[in-house]
Amino acid sequence: MSSDTSAALFVLRGISQRYGEGKNAAGILHNIDLTLYRGDTCAIVGASGSGKSTLLNILGLLERPSSGELRFAGRDVTTASPNMLAHWRNRSIGFIFQSFNLLPRLSALDNVALPLAYRQQRRKSPRDLAMQQLRAVGLADCVHRRPAELSGGQRQRVAIARALIGEPTLILADEPTGNLDQQCANEIIELLLGLNIEHRVTLVVVTHDVSLAKRFARRIEVINGQLLERSDHAV
Ligand SMILES: Nc1ncnc2c1ncn2[C@@H]1O[C@H](COP(=O)(O)OP(=O)(O)O)[C@@H](O)[C@H]1O
Ligand SMILES: [Mg+2]
């Protein structure tokens, strides 16, 4: 990590998020600053309702903050059009969710190939690329199964393969191990950290699990609308 923001993937300056109007308005994030660098591994922790998903959705260009400035890969995305945001999301970001979000009627292979339906260029067929990704996450033997025929851990691997097929710069995962037992949870985090080492993909992972959070180089707590970062060197 360095303080030179030219190597930054994300720069957040004075970001606030409020929901509702007037008397019912609720401030979730208050004037936060955060810089994430390419290749960072970052765990987001915090109590339920503290704003972890809100922060992740802002990073994922899914939610616009109420105020503040957000730069992504050197561009000011604060005022970008919904079409531009969708384009950057599709090109640069892989999402992983607690509940896997796979399409139940499609095989693992077709779930993984799906994001390529929205892309133009094809050097290899989407199914060949999907096969390659499923092999990389250790699921070569299950490619024709539907989600219901897979274990929770296997479903999350399919979701990871689907996130990877677009070769994202960044993976955002919202409680990816929330529905998994401890052993599967460890394996999934291991897999994600391995991707960071192999492909230098930047990882931002929301987790409740303190022991899993400790595996990440950066740990940021969302507390009272603020971000509190603990470094490995803190007492
Ligand atoms: N779209 C929304 N409209 C209104 N309130 C919301 C919306 N999204 C989240 N909230 C509220 O913001 C707070 C933080 O939510 P969230 O970011 O999902 O927390 P966490 O992921 O840490 O559990 C919660 O009180 C939640 O009810
Ligand atoms: Mg959440």
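All heavy atoms count here, side chains included; hydrogens, waters and symmetry mates do not. Numbering of ligands and ligand atoms starts at 1, following listing order. Predicted model, so just to flag it, every value in this text is computed and none were measured.
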Checklist entry - Between E167 and R91, is there a salt bridge with N-O shorter than 4.0 Å? => result no
Next on the checklist: Regarding Q17 and T54, do their side chains bring together a donor and an acceptor under 3.5 Å, going by distance alone?
Outcome noted: no
Item to check | Distance from atom 9 (C) of ligand 1 to nearest protein heavy atom, with residue and atom | outcome: Y19 CE1, 3.4 Å
Item to check | Residue part near ligand 1, for A26, under 4.0 Å between non-hydrogen atoms | outcome: neither
Item to check | Top protein contact for atom 17 (O) of ligand 1, by heavy-atom distance | outcome: T54 OG1, 2.6 Å
Next on the checklist: How close do L34 and R13 get, counting heavy atoms only, and between which atoms?
Outcome noted: N-NH1, 3.9 Å
Checklist entry - Got more than 12 heavy atoms from elsewhere within 6.0 Å of CG, N224? => result no
Item to check | Close approach, G46 and ligand 1, non-hydrogen under 4.0 angstrom | outcome: no
Checklist outcome for this item: dist I189:CD1 -> F216:CZ (nearest 0.5 Å) comes out at 4.0 Å
Item to check | Which of the ligand 1 atoms, numbered from 1, are nearer than 4.0 Å to a heavy atom of S48 | outcome: 23 (O)
Checklist entry - Who's the nearest protein heavy-atom neighbour of atom 19 (O) of ligand 1, and how far? => result G51 N, 3.2 Å
Item to check | Test: R219 and E229 ion pair at under 4.0 Å | outcome: no
Checklist entry - Without hydrogens or angle criteria, can the side chains of D174 and S53 be said to hold a donor-acceptor pair below 3.5 Å? => result yes
Checklist entry - Short check: is a protein heavy atom less than 4.0 Å from atom 26 (C) of ligand 1? => result no
Next on the checklist: Ignoring hydrogens and geometry beyond distance, is a side-chain donor-acceptor pair present between E175 and H208 at under 3.5 Å?
Outcome noted: yes
Checklist entry - Can you tell me if an N/O/S atom from S53 lies under 2.8 Å from the Mg ion (ligand 2)? => result yes
Checklist entry - Atoms of ligand 1 less than 4.0 Å from I28 heavy atoms? => result 12 (O), 13 (C), 14 (C)
Checklist outcome for this item: In terms of its nearest heavy atom to atom 14 (C) of ligand 1, the top option of G49, G225, S53 is G49
Checklist entry - What atoms of ligand 1 come within less than 4.0 Å of a heavy atom belonging to A47? => result 22 (O)
